[in-house]
Number of protein chains: 2
Amino acid sequence: MSTKDRILDASLQLFNEQGERKVTTNHIAAHLGISPGNLYYHFKNKQGIIFALFERYEARVLNILQVPTDRALQPLDKLNYLQGVFNGLWDYRFMHRDMEHLLLADAELHARYRDFFRLCLQRVEAIFTGLEKAGIIAASEEDIAGLALNTWIVVTSWFSFLRCNLLNDEADAISPELLQGGIYQVFALERPYLTAEYQDVMNELQRRYMPRPAWLASR
Amino acid sequence: MSTKDRILDASLQLFNEQGERKVTTNHIAAHLGISPGNLYYHFKNKQGIIFALFERYEARVLNILQVPTDRALQPLDKLNYLQGVFNGLWDYRFMHRDMEHLLLADAELHARYRDFFRLCLQRVEAIFTGLEKAGIIAASEEDIAGLALNTWIVVTSWFSFLRCNLLNDEADAISPELLQGGIYQVFALERPYLTAEYQDVMNELQRRYMPRPAWLASR
DNA sequence: AATCTTTTAGAGTAAACACTCTAGACATAA
DNA sequence: TTATGTCTAGAGTGTTTACTCTAAAAGATT
């Protein structure tokens, strides 16, 4: 593997584990056993590393959010979208943790991210429209627009929500188990729009992700 | 006004304008025309200032989120809750901008914030329960729990969402006009649960906060 | 006046960190 | 061998920033 890719992989790992802010470029180099000079030979600056990681993340998410053109959407499609997106979110979880800071520090990334957001929003609206056409939900265009935006907000804020409100110490206590609560919450957004025909099957899917009663209790 | 209060007011202003990260303690002192030593006489450290500001914020929000015991909830109550909360959010907007960082840096604040969150969530659930008892919405307990949590997430993430996805440059372009979109979004969460009797009046309220078509367009 | 407490000034410091610079190793081709 | 372009090492630097320390001014009390 090229040094450039090794730098990206190590950066992603360290950023996810400790947060972008706490990981210095010297730290990344030391972790790989290379010199800071070498790192800066391959990347113009720290933002360059982050930009490259964003490109990976973007490609991954856009690859997931596609509506099939040859068939109608099915209940399980919804689940696949959510699992795919949440897995991507997990693998690049450092990103939404400090998005505002990252974007403020790099105007080019900011512009790119805005385009990414708009495209995602369109795709999510297309998915809800597909669910509507398949008779799974009943919702107006206005409903769908609101639903899509709220979905974006809940999905992109979920990890931040967990870290602020559920973790007790600095340990990486965010587990896949907690991730499930996010899927449940997104299902909850859509649930009141379900048609009578599909209520049972979708509720059954949602219930699989119901958080344990304990996850909100004080410990 | 005491020096202590002047420090808090100046800190709040500067934090809101520039973000907590960009405002140094020397900066705050210079802005007030006092010495750094003086600032540290009144506050143990920068986190002490933030903690005191959080106490103000917490008191303000909890004062708003109360369910009247002597009467049933009315449609306008919902609006008042939202306006009150969003105004508080605006006045302390630096806080949710960097909440994860603030909490990670101060375990005492983190514990306090978790308690605050839990209390808020209970209060929001109580409000939805009140709306249900008043016949304004029809929702199960499980619906209400999901609704309350999604409401919390959308409300606390709204400014961050705006800064990431709508601002073009570093100028303070977040206006009260954009704030309205947040109120609209929270209404959208609740809308599918409205009873037939109240749909018209609530939709009318929500429509006042409908964002202009332009606010999502590219510029 | 004298003493004690509270408040303020302001120079200074230690640590952190993104990034630079020079020089040398290594590979490839003429 | 020599020349050329690519990659790497590692010491070092300039800046930023939260916070300290000493001493003095201001205020209160007897």
Side-chain angles (χ1 to χ4, degrees), chain A residues 1-54 94-95 97-98 100-110 170, chain B residues 1-54 94-95 97-98 100-110 170:
Chain A
M1 186 160 42
S2 71
T3 303
K4 194 161 185 171
D5 285 333
R6 288 175 60 227
I7 292 171
L8 286 178
D9 289 347
S11 299
L12 179 60
Q13 182 197 332
L14 295 173
F15 287 164
N16 279 339
E17 287 172 2
Q18 305 174 37
E20 180 268 341
R21 229 188 282 215
K22 281 195 175 175
V23 177
T24 74
T25 50
N26 287 346
H27 190 161
I28 297 166
H31 183 260
L32 284 169
I34 66 173
S35 63
N38 195 359
L39 187 148
Y40 278 89
Y41 174 77
H42 290 284
F43 291 93
K44 190 181 155 200
N45 50 31
K46 196 180 181 187
Q47 293 162 24
I49 299 175
I50 292 161
F51 194 92
L53 288 173
F54 176 76
F94 86 91
M95 205 148 243
R97 181 171 181 174
D98 234 346
E100 272 192 67
H101 170 66
L102 301 179
L103 298 183
L104 206 63
D106 185 345
E108 198 182 340
L109 182 63
H110 199 159
E170 295 185 29
Chain B
M1 187 160 41
S2 73
T3 303
K4 193 161 186 170
D5 285 334
R6 287 174 61 226
I7 292 172
L8 286 178
D9 288 348
S11 299
L12 179 59
Q13 182 196 334
L14 294 174
F15 287 163
N16 279 339
E17 284 171 2
Q18 304 173 37
E20 180 268 340
R21 229 190 280 218
K22 282 195 173 176
V23 177
T24 73
T25 50
N26 287 345
H27 191 161
I28 296 166
H31 183 260
L32 285 170
I34 67 173
S35 64
N38 194 359
L39 187 148
Y40 278 89
Y41 173 76
H42 290 284
F43 291 94
K44 188 181 157 201
N45 50 29
K46 196 181 180 186
Q47 294 162 24
I49 298 175
I50 293 162
F51 194 93
L53 288 173
F54 176 76
F94 85 91
M95 207 149 241
R97 182 172 180 173
D98 235 345
E100 271 192 66
H101 170 67
L102 301 179
L103 298 184
L104 206 63
D106 184 346
E108 197 182 342
L109 181 63
H110 199 161
E170 296 186 29

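Residue numbering restarts at 1 for every chain, and letters A, B, ... go by the order of the sequence lines. What you see below is based on every heavy atom in this structure, not just the backbone, and it leaves out hydrogens, waters and symmetry mates.
Atom C1' of nucleotide D:dT16 and atom CD of B:Gln18 are separated by 15 Å, given to the nearest angstrom. With rounding to whole Å, B:Phe15 atom CZ is found 12 Å from D:dA18 atom C1'. Atom-to-atom, OH of A:Tyr40 to P of C:dC17 comes out at 12 Å; the value is rounded to the nearest Å. Going from atom CG of A:Leu39 over to atom C1' of D:dG10 covers 13 Å, rounded to whole Å. The OH atom of B:Tyr41 sits 12 Å away from the C1' atom of D:dA26 (whole-angstrom rounding). Going from atom CG of A:Asn38 over to atom P of D:dA9 covers 5 Å, rounded to whole Å. A straight line from CD of A:Gln47 to P of C:dA18 spans 11 Å, rounded to a whole angstrom. One can place NZ of A:Lys22 at 16 Å from C1' of C:dA15, the figure rounded to the nearest angstrom.
Ranking D:dT8, D:dA18, C:dA9 by closeness to the B:Ser35 side chain, first place goes to C:dA9. Of all nucleotides listed (D:dA9, C:dC19, D:dA18), C:dC19 comes nearest to the side chain of A:Asn26.
Neither OP1 nor OP2 of D:dC19 sits under 4.0 Å from any side-chain N or O of B:Thr25. Phosphate contact (OP1/OP2 of C:dT6, side-chain N/O of B:His42, threshold under 4.0 Å): absent. Between B:Thr3 and C:dT7 there is no side-chain N or O to OP1 or OP2 distance below 4.0 Å.
The side chain to side chain contact (heavy atoms under 4.5 Å, CB included) test with B:Ser11 singles out one residue from B:Ile49, B:Thr25, B:Leu39, B:Leu32, and that residue is B:Ile49. None of B:Ile34, B:Leu8, B:Val23 except one satisfies the side chain to side chain contact (heavy atoms under 4.5 Å, CB included) rule with B:Ile28; the exception is B:Val23.
Among the protein residues, B:His27 comes within range of no part of the nucleic acid, since none of its heavy atoms lies under 4.0 Å from any strand. Nucleic acid contact for B:Gly33: sugar-phosphate only, since backbone atoms but no base atoms lie under 4.0 Å from a heavy atom of the residue.
Salt bridge present: B:Glu100 and A:Arg97 bring a charged side-chain N and a carboxylate O closer than 4.0 Å.
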